[in-house]
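Down below is the structure, laid out as structure tokens.
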Amino acid sequence: MKSFRTLTNVLVSMVLLIVIWQAIVLIGGYNDSLLPAPLSVGKAVLKLLLDGTLWTHLQVSLLRFAAGYFSASITAIVLGLLLGRLPVLWGFVDPIVQVIRPVSPIAWSPFIVLWFGIGNAPAIVIIFLAAFFPVLLSTVTAVRKMDVTYLKVAQNLEIGRYHLFSKIILPAIFPFIANGLHIAVGTSWIFLVSGEMVGAQSGLGFMIVDARNQLRLDFVLAGIIFIGLCGLLLDRIIRLLERWMDKQWGIIRES
Amino acid sequence: MKSFRTLTNVLVSMVLLIVIWQAIVLIGGYNDSLLPAPLSVGKAVLKLLLDGTLWTHLQVSLLRFAAGYFSASITAIVLGLLLGRLPVLWGFVDPIVQVIRPVSPIAWSPFIVLWFGIGNAPAIVIIFLAAFFPVLLSTVTAVRKMDVTYLKVAQNLEIGRYHLFSKIILPAIFPFIANGLHIAVGTSWIFLVSGEMVGAQSGLGFMIVDARNQLRLDFVLAGIIFIGLCGLLLDRIIRLLERWMDKQWGIIRES
Amino acid sequence: GKTEGDSGHSSADSDLKTIKIGYLPITHAAPLYIEEELGKQHFKHFKLELVKFGSWPDLMDALNTGRIDGASVLVELAMKAKEQGIDLKAVALGHKDGNVIVASNDIHQVADLKGKKFAIPHKFSTHHVLFYEMLKKAGLQYSDVDVVELAPAEMPAALAEGRISGYVVAEPFGAKSVVIKKGKALFQSEEIWKDSVDCALVMRGEILNNHKEASREFITEYLKAGEKAELKDEEAKQILRKYMNIEKDVLDLSLQWISYGDLKLTEEAYEQLRQYMIEMGLSNNPPSFQDFVDNSFIDQVKG
Amino acid sequence: MGAGVLVEVSEVSKAYKAAGKNEQILSGISLQVKEGEIISILGQSGCGKSTLLNLIAGFDTPDRGTIYTAGIEVKEPAKRCVMLFQNYGLLPWRSVLKNVELGLLDLTEAERRSRALAYLKLVGLEDRADHFPHQLSGGMQQRAALARALAIRPQIILMDEPFAALDTFTRYYLQNELLNIHANEKTTILLVTHDIDEAVFLSDRILIMSAGPGQIRKEIPIHSSRPRDRGHSDFQHYRKLILDEFRLTGPQASEEYSI
Amino acid sequence: MGAGVLVEVSEVSKAYKAAGKNEQILSGISLQVKEGEIISILGQSGCGKSTLLNLIAGFDTPDRGTIYTAGIEVKEPAKRCVMLFQNYGLLPWRSVLKNVELGLLDLTEAERRSRALAYLKLVGLEDRADHFPHQLSGGMQQRAALARALAIRPQIILMDEPFAALDTFTRYYLQNELLNIHANEKTTILLVTHDIDEAVFLSDRILIMSAGPGQIRKEIPIHSSRPRDRGHSDFQHYRKLILDEFRLTGPQASEEYSI
Ligand SMILES: Nc1ncnc2c1ncn2[C@@H]1O[C@H](COP(=O)(O)OP(=O)(O)OP(=O)(O)O)[C@@H](O)[C@H]1O
Ligand SMILES: Nc1ncnc2c1ncn2[C@@H]1O[C@H](COP(=O)(O)OP(=O)(O)OP(=O)(O)O)[C@@H](O)[C@H]1O
Ligand SMILES: [Mg+2]
Ligand SMILES: [Mg+2]
């Protein structure tokens with residue numbers, strides 16, 4: 001019932017969007033190679049779907065995304081746990097992180113090429129960079145703001161150092177890390193396009209850049225639609241995971 | 001006392017960073033035009049500072065940033081307030097937002113050029129796009145998750161529609177919007193570089209891209225340093241504002 | 001958001017037509033720099049505004065949507081846009097020759113590139129054609145080498161770190177690797193393809209039609225600037241370095257390879273290019289010489 | 001409706017949807033509150049006390065039955081019948097004074113200010129007028145909320161476990177204060193609580209509510225003159241009566257108890 | 001130290017830095033708890049009850065004075081003296097059973113499980129072993145926390161306002177349960193509360209604490225045999241005694257009160 005209404009909503013709003021878009025094209029009198037009409041884009045979408053191009057690119061992108069995202073998350077969580085428990089060390093690392101974080105991964109690209117070459121690696125590195133900082137910061141913050149009651153309970157029950165991390169700290173902060181992980185999915189997916197601009201010959205980002213180079217804006221828009229949909233899908237998957245976890249952890253968030 | 005320690009931390013970590021960097025340059029035997037040594041970058045930084053180039057670019061960037069960021073924030077807050085109170089409408093808008101959000105502003109650049117030309121406008125639009133969605137989503141969420149007690153109080157005291165928005169809803173959700181505004185500063189500053197790549201003849205982003213095209217990686221790094229520092233500064237300013245507001249609102253967050 | 005330029009302006013108008021020309025900071029656009037630098041004071045029928053771009057796609061977006069009136073751009077990109085229905089005309093060349101195939105020091109002949117990565121700046125570029133022709137002449141298949149598109153600025157670093165084994169691109173990015181001794185010039189472009197067509201000065205049709213006087217003067221001055229550039233004297237180098245901020249030795253080397261003397265795009269050279277584009281599958285129906293090339297201005301000047 | 005009856009609840013029922021099925025929360029509740037009375041509704045957690053109060057305040061509508069306050073049928077929340085929330089419902093971004101002024105937006109600025117100050121004085125908070133709620137203790141916050149309610153001069157005040165979050169000492173003190181204020185203002189008060197002592201100390205009548213579905217099981221009038229003495233034997237008598245009612249006295253059998 | 005004295009606090013003082021200046025929270029506190037006793041510390045909010053308990057549990061160290069539990073000087077938290085926190089301190093991501101097993105990590109898995117189940121049964125939660133804390137009511141959560149503490153078989157249990165967050169009825173019920181369990185297990189209990197009834201109902205001795213700085217003002221031994229009857233006159237006697245001590249009986253003068 002609820003999902004049915006959501007579906008109707010999505011359909012209605014999509015139809016509305018297409019109508020507005022078509023209207024802009026008609027009223028503005030745009031050349032199809034400058035602003036393609038919905039129909040041309042529809043054709044492009046269909047073509048990409050049918051001739052298998054999409055799947056190849058999608059697969060490559062998802063693999064790169066997974067590689068960058070998961071390696072970033074794991075590194076960031078492990079480092080975050082340590083740095084969160086070692087405030088003195090964090091005092092030194094924090095300024096560096098804070099200065100590096102606001103720099104666009106694009107700005108780094110000369111150095112990324114220097115160290116990581118071209119093709120898969122730079123795309124993965126850029127996704128890594130985009131995911132790393134949100135997860136690191138949310139982990140450190142979570143560790144530092146953790147409810148001290150849990151730590152007190154652990155002390156009181158004389159729980160050892162190893163169990164302290166695995167049974168108390170990690171699970172206690174997991175919901176907060178999850179939030180960081182959620183944000184990271186968004187930011188790193190956004191940087192997919194940038195990542196696949198550095199010498200990659202495949203992937204959704206490359207597909208868009210390539211179509212743009214060929215002045216096929218219909219394919220650019222088709223690519224944008226796929227990127228948007230996949231981003232949405234990834235977001236929803238993470239959100240479901242988060243919900244499930246919140247339930248386990250007894251956190252109740254209204255929809 | 002505390003700020004003194006912070007300063008020491010910053011200095012120590014900067015020195016450490018420079019030592020590591022110099023070590024990499026020495027050990028890797030990199031050519032200065034591939035990975036500039038700290039000294040060359042220092043010279044570049046000094047040159048940019050002294051010959052006034054930096055100030056011109058910085059000023060332009062900050063103006064663009066301010067234009068994009070504030071217009072995005074205001075639009076997003078106003079729209080967010082309305083959409084948050086009109087769940088049916090939001091049901092239609094939400095899917096569109098969710099699909100557009102994960103798309104990199106870079107992917108849109110052909111269309112941004114089409115509509116907004118080159119120079120200032122596209123940079124501002126890209127910053128706008130980067131800031132708009134975090135603020136919109138956090139405003140809508142804040143309105144929808146707002147403590148119903150406040151609404152009940154307003155009903156009970158027979159407070160009119162206008163005062164309801166200005167005296168109850170807006171202040172009630174402001175701390176949450178502030179969070180969105182904070183995130184938006186980060187993301188939109190990151191996209192400054194992308195924004196200033198399209199036909200801009202000035203700005204920090206242009207400075208980096210131009211230096212890169214001229215193979216002056218020392219200036220690229222100098223630009224990165226300035227972008228990082230400004231990003232940090234902006235973040236701190238917003239954080240101070242947030243603190244001050246939290247205090248007004250009676251929210252206590254440990255540092 | 002209109003695609004037309006502000007065609008209402010008459011060239012005789014007191015507020016002069018501003019011609020906006022896009023470029024990338026490369027040696028190949030030298031005539032533009034010189035024209036602006038030397039002519040700025042005494043243009044009669046127009047004002048010149050040069051707009052620097054960071055990449056070819058950004059420049060093309062602006063050109064296609066009429067945000068700039070013309071550009072010194074890879075001619076293939078302009079042809080592609082023409083094919084898509086954008087009204088563009090090539091009125092002169094940007095330069096002649098001056099592209100080199102750079103290879104890392106362990107590459108001694110074309111056959112050594114087999115199985116290696118090789119970078120080109122853009123699919124629709126003369127550099128791509130040069131690369132194709134080089135392989136063909138050496139008897140290699142196109143698929144023998146792994147071609148990647150890479151931003152020109154990243155190429156020297158990629159070569160130095162062995163991420164690619166060679167590249168072909170506009171100057172000064174080739175000279176850079178040679179100067180820092182991370183690579184060598186394997187071929188000059190004329191060794192592969194004589195009279196290769198690379199960057200061209202491309203104008204939007206409505207400018208040429210609606211601002212005839214301005215266009216004529218602009219192109220005349222452009223050709224003069226080309227002659228000045230061809231001198232490659234200290235003054236010219238000074239101007240180039242002002243626009244490109246590169247090391248002196250890199251500039252000197254890249255100037256050795258290039259010529260700006262005769263900037264007319266001939267029909268033979270253009271037909272050769274068309275053939276390559278069809279052969280390489282870059283375009284099914286590249287615009288014809290008559291449609292795309294407008295030599296009327298250059299012919300007028302040359303008399 | 002009888003004269004002087006300010007709250008009249010007749011045969012009210014209410015069900016909520018929970019986990020798919022309709023759960024009956026209140027079933028056939030009737031009660032009357034006369035002018036100037038203090039009435040307590042005493043019941044265990046979850047028996048539907050807050051639900052009933054919400055219906056009377058007009059925040060929700062009953063499935064069956066009717067509710068009149070001050071002679072007008074309740075359709076929506078109104079100023080004549082003000083609710084004091086469990087968590088005080090102060091707006092944290094407004095000073096105490098501004099909070100009290102919130103219900104007086106239709107007065108001129110000067111009137112608004114003087115009225116608000118007068119009621120802050122009544123609850124003993126005149127020197128905290130410019131503080132923000134988070135700068136006050138829980139007890140002070142509850143007094144500020146009370147001042148806000150009184151300033152509107154409503155005919156009825158509804159209170160949902162007004163002192164539950166306070167510690168025993170503060171609670172005793174505020175109960176005394178409430179009685180003092182009531183003696184001056186004569187506002188009709190309907191309060192909900194799960195604290196037996198509180199009900200006995202404050203009320204003219206205690207309505208004992210039982211759960212599953214919520215019903216009024218018994219009415220206990222307190223015939224003891226105010227101010228009452230918590231240590232007095234009269235007080236103990238009523239206390240014991242209610243404890244017995246809930247079977248909480250004596251060495252208790254560990255019967256299954258729904259907690 | 002006398003034989004059978006499990007908690008010995010001698011001349012303990014503690015100050016906290018607040019807003020730049022040192023604030024004395026506890027000053028020269030001494031107390032003893034003997035084996036098997038239930039002792040209540042009764043005091044107003046903010047008088048330093050939790051601080052004192054934290055010192056005894058070893059979460060913080062006193063500025064002056066010494067604390068011994070079970071004959072050992074307290075340097076850090078230890079299993080011999082377990083704290084029940086105000087908000088129960090259950091780990092929300094572990095089932096009730098797993099929570100109880102948390103203190104038993106040094107046992108084998110089988111032992112751990114059987115011991116945990118035994119104590120869950122003792123508190124009447126054996127059928128909720130696989131539930132998560134948030135699936136339980138407040139009262140059940142407190143019982144689970146109690147089971148976790150008991151399962152370690154500590155010599156002393158410290159309780160910080162154990163039932164303050166529960167409604168009156170649940171609170172009464174759990175107080176009864178606690179006495180039943182104490183009768184079986186004979187664990188020494190030191191609890192902190194601001195509820196007079198609770199202190200009278202549970203304790204062998206009540207220590208009345210006053211604030212600014214926190215001191216033990218008076219000790220009231222309760223010579224009434226358990227189980228006690230909340231309605232009985234003995235009970236009322238002690239209740240009145242304490243009310244008088246805090247000057248909370250009688251028609252109260254509106255003296256300035258620190259809330
Ligand atoms: N909006 C609602 N939707 C569904 N169920 C509700 C809603 N409001 C209350 N309930 C249910 O109605 C029952 C009674 O709730 P209510 O808040 O009235 O109890 P209460 O007596 O005030 O309890 P407490 O003393 O804990 O405040 C509870 O079981 C609760 O779960
Ligand atoms: N870590 C701390 N740092 C500074 N001040 C503290 C700290 N812990 C407690 N205090 C102060 O010490 C005083 C006593 O606090 P404590 O929590 O011991 O009171 P309490 O008697 O337990 O009160 P309650 O009944 O509200 O729980 C308070 O004024 C509090 O502000
Ligand atoms: Mg309630
Ligand atoms: Mg306490």
Side-chain angles (χ1 to χ4, degrees), chain A residues 5-6 9-10 12-14 16-17 30 34-35 91-96 98-111 114-115 130 144-145 183 186-187 189-194 197 205 208-209 212 215 217 220-221 223-225 227-232 234-236 253-255, chain B residues 5-6 8-10 12-14 16-17 30 34-35 91-96 98-111 114-115 144-145 183 185-187 189-194 197 205 208-209 212 215 217 220-221 223-225 227-232 234-236 253-254:
Chain A
R5 225 175 65 208
T6 315
N9 275 353
V10 171
V12 169
S13 55
M14 288 304 145
L16 231 105
L17 193 68
Y30 291 107
L34 296 181
L35 181 67
F92 295 118
V93 176
D94 187 33
I96 297 177
Q98 295 298 346
V99 172
I100 294 179
R101 196 167 58 114
V103 179
S104 168
I106 300 170
W108 291 112
S109 68
F111 306 101
L114 183 63
W115 284 315
R144 303 185 72 186
K145 288 196 182 171
I183 294 175
T187 52
W189 186 253
I190 285 182
F191 278 102
L192 189 77
V193 178
S194 319
M197 272 164 63
I208 288 188
V209 173
R212 178 177 167 214
L215 294 178
L217 295 197
V220 171
L221 267 179
I224 285 179
I225 292 173
I227 289 215
L229 288 177
C230 285
L232 173 62
L234 285 174
D235 185 85
R236 287 294 137 103
R253 302 186 200 193
E254 285 118 273
S255 83
Chain B
R5 225 176 65 209
T6 314
T8 329
N9 275 352
V10 170
V12 169
S13 55
M14 288 302 146
L16 232 106
L17 194 67
Y30 290 106
L34 297 180
L35 181 66
F92 296 118
V93 176
D94 187 32
I96 296 176
Q98 295 299 343
V99 172
I100 292 178
R101 194 168 58 113
V103 179
S104 168
I106 299 171
W108 290 113
S109 68
F111 306 102
L114 178 62
W115 284 313
R144 304 185 69 187
K145 287 197 184 172
I183 294 175
V185 166
T187 53
W189 186 254
I190 285 182
F191 278 103
L192 187 77
V193 177
S194 321
M197 273 166 61
I208 287 189
V209 172
R212 172 184 155 212
L215 296 174
L217 295 196
V220 172
L221 266 179
I224 285 180
I225 291 172
I227 288 214
L229 287 177
C230 286
L232 173 62
L234 285 174
D235 185 84
R236 286 295 140 100
R253 301 184 201 195
E254 286 118 274

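Note that the coordinates shown come from a computational prediction; the quantities given were computed from them, not determined experimentally. By convention in this document, chain letters (A, B, ...) are assigned in the order of the sequence lines, proteins followed by strands, and residues within each chain are numbered from 1.
- In this structure, CD1 on A:I183 lies 10.5 Å from OG1 on B:T187, to the nearest 0.5 angstrom.
- Within the 4.5 angstrom heavy-atom criterion, atoms from both the backbone and the side chain of A:V10 approach chain B.
- Here CD1 of B:I106 is found 3.0 Å from OG of A:S194. Values are rounded to the nearest 0.5 Å.
- With a threshold of 4.5 angstrom between heavy atoms, A:R236 approaches chain B through side-chain atoms but not through N, CA, C or O.
- When each of B:I100, B:L217, B:L234 is checked for heavy-atom pairs under 4.5 Å with chain A, B:L217 comes out on top.
- Side chains of A:L192 and B:P102 form no contact here, defined as non-hydrogen atoms less than 4.5 Å apart.
- Ranked by heavy-atom pairs under 4.5 Å with chain B, the first of A:G186, A:C230, A:G231, A:P95 is A:P95.
- In terms of heavy-atom pairs under 4.5 angstrom with chain A, the leader among B:V99, B:V209, B:D235, B:V93 is B:V99.
- Proximity of B:W108 to A:L221: side-chain heavy atoms (C-beta onward) are separated by under 4.5 Å at one or more points.
- With respect to chain A, the highest number of heavy-atom pairs below 4.5 Å among B:I96, B:L232, B:I224 belongs to B:I224.
- Of the atoms belonging to A:V103, heavy atoms from both backbone and side chain fall under 4.5 Å from chain B.
- Atoms CG and OG, from B:D94 and A:S13 in turn, are 8.5 Å apart once rounded to the nearest 0.5 Å.
- Here CD1 of A:I208 is found 8.0 Å from OG of B:S104. Values are rounded to the nearest 0.5 Å.
- For the pair A:V220 and B:F111, the minimum side-chain heavy-atom distance is below 4.5 Å.
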